[in-house]
There are 2 protein chains.
Amino acid sequence: MANSQTELAVLAVLSIRPTTGYAIRELVHERLSAFWSESFGQIYPALARLREAGLIEVTPGERTGSALHSLTDAGREHLLDMLSEPPVAARPRNGVLLRLFFGDLLGPRACAALVQAAKERSERQLADLAAARAEVEAERAADPADATRTRYWLLTIAAGEHAARAAIAWADEALAELADLEAGENR
Amino acid sequence: MANSQTELAVLAVLSIRPTTGYAIRELVHERLSAFWSESFGQIYPALARLREAGLIEVTPGERTGSALHSLTDAGREHLLDMLSEPPVAARPRNGVLLRLFFGDLLGPRACAALVQAAKERSERQLADLAAARAEVEAERAADPADATRTRYWLLTIAAGEHAARAAIAWADEALAELADLEAGENR
DNA sequence: CTCAACTGTATCTGTCAGATATATTGAGGG
DNA sequence: CCCTCAATATATCTGACAGATACAGTTGAG
């Protein structure tokens, strides 16, 4: 089936609870943004196709014109099938590392600025993840029935934390090396 | 200008030496694959546009029909402009973490298999990077004129190594947690 | 009451990877 | 000398995707 990545994510979100297209995008943005992204331009066509295929049902929502989407039994089954398929590898595209690879075109000074900015992004990421961790742990304390689910969520947060800390450690190394390169250039 | 990411990468590769579209894709695949990817479907249209804009020149290559592309002065200038622009953030799409976030749908066993596979990919990545590091260091020893360039290359290799080691450390943590979850389930 | 912010649906454009088609060349085997 | 296979090389098509944009109903603060 076409568009499988977005459809997988949409079905997975709907497995938590029936909701609107807008709220699906909100949840992805709020809670999965460290490792996933979705846009309205993909979500609405995906919902239409899933409905067409009988994998979701639509009931009118609270607001005029809003539509609550919920999984059908076939949808739940299809979701499990899709989750069992091997993950699709994301194409790598890191603009900072591309610029660094061709670093002698920009020079050590400009490269250091890029690395510094990347380091600050990782630090912000780390702070965001700490906040998310606190939120999830509070949620777990408030509703022990969700305990299993929150343990999985914490695994994904830990992945982000490891990656962010590694990026910061690399940035420090790289900044030292770039300072050395600049000193050598001005010798 | 349209297609700016691919055009940036193509111009940057051509700053090393004039070459064919095929070889551009080869170089990206061989040396930048840890943090960049390009496809023929993007490279050939990009080359046509860059030629149209007067940023590259085309001369016939050794083989019949092959075309050697080289930077013009305008192209070199445009490349520096593009490198100076802030990097475009890549959309995150990590299928493993998506499956883990919804981990109670798959269960701890299947999740552990996914994490184990991810760990093995990172280990292979680490080995590939070690090989690349050795290759670059040999190249540096052979041609000291390239010493500065190779130092930038080693920075990008170090970034990959940090990321891969972090992924492995996370995977070990996650596998322990998933084993615990499974034990709790079967209690 | 009004306006700004939020909720909500929907489409369009440009970017992109991967698959595919096609042709040439060089090396090795028969 | 010919055949085949792999590597080199150009080119296009399709479907996936993000981000921008348009539009409209709703709510709450001032």
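What you see below is based on every heavy atom in this structure, not just the backbone, and it leaves out hydrogens, waters and symmetry mates. Everything numeric in this text was worked out from a predicted model, so none of it was measured. Reminder, nothing fancy here: chain letters follow the sequence lines and each chain counts from 1.
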Using OP1 and OP2 only, check whether a side-chain N or O of [X] sits under 4.0 Å from [N].
X       : N      : value
B/Thr6  : C/dC16 : yes
B/Tyr22 : D/dT10 : no
A/Thr64 : D/dT26 : yes
A/Arg93 : C/dA17 : yes

Query raised in the report: Please give, in whole Å, the distance from C/dC16 C1' to B/Arg49 CZ?
Result: 11 Å
Query - Value in whole Å for how far the P atom of D/dA18 lies from CD1 of A/Ile43 - result: 9 Å
Requested in this report: Could you give me the CA-CA distance, side-chain angles and deciding distance for A/Ile56 and A/Ser70, then say whether side chain to side chain contact (heavy atoms under 4.5 Å, CB included) is met?
Outcome: CA-CA 5 Å; A/Ile56 60 176; A/Ser70 50; over 6 Å; no
Query raised in the report: Is it true that the side chains of A/Thr6 and A/Glu38 contain a donor and an acceptor less than 3.5 Å apart?
Result: yes
Report task. Indicate whether any N or O donor in one side chain lies under 3.5 Å from an N or O acceptor in the other, for A/Glu7 and A/His78. Result -> no
**Report entry** Test side chain to side chain contact (heavy atoms under 4.5 Å, CB included) applied to B/Tyr152 and A/Leu178, A/Leu106, A/Leu105, the passing residue
**Finding:** A/Leu178
Query raised in the report: If you check the B/Arg63 side chain, which of D/dA7, C/dC16, C/dT11 turns out closest?
Result: D/dA7
Query raised in the report: Out of C/dT9, C/dC16, D/dA11, which nucleotide sits closest to the side chain of B/Tyr44?
Result: D/dA11
Report task. Return the residues of residues 28-40 of chain A meeting this criterion: a heavy atom under 4.0 Å from some atom of DNA chain D. Order them by number, or give none. Result -> A/Ser37, A/Glu38, A/Ser39
Query raised in the report: With a non-hydrogen cut-off below 4.0 angstrom, is A/Gly41 in contact with a base, only sugar-phosphate, or nothing?
Result: base
Report task. Give A/Ala23 one of three labels, base, sugar-phosphate or nothing, depending on what nucleic acid heavy atoms sit under 4.0 Å from its own. Result -> nothing
**Report entry** Pairwise 5' ranking along DNA chain D for B/Ala89 and B/Gly65, keeping only the more 5' one
**Finding:** B/Gly65
Requested in this report: Please work out which of the three classes, parallel, tilted or perpendicular, describes the rings of B/Tyr22 and B/Phe40, given edges at 30° and 60°.
Outcome: parallel
Report summary line: Contacts satisfying salt bridge (charged side-chain N to carboxylate O under 4.0 Å, His left out) that involve residues 98-114 of chain A (not counting sequence neighbours) are A/Asp104-B/Arg149, A/Arg109-A/Glu182
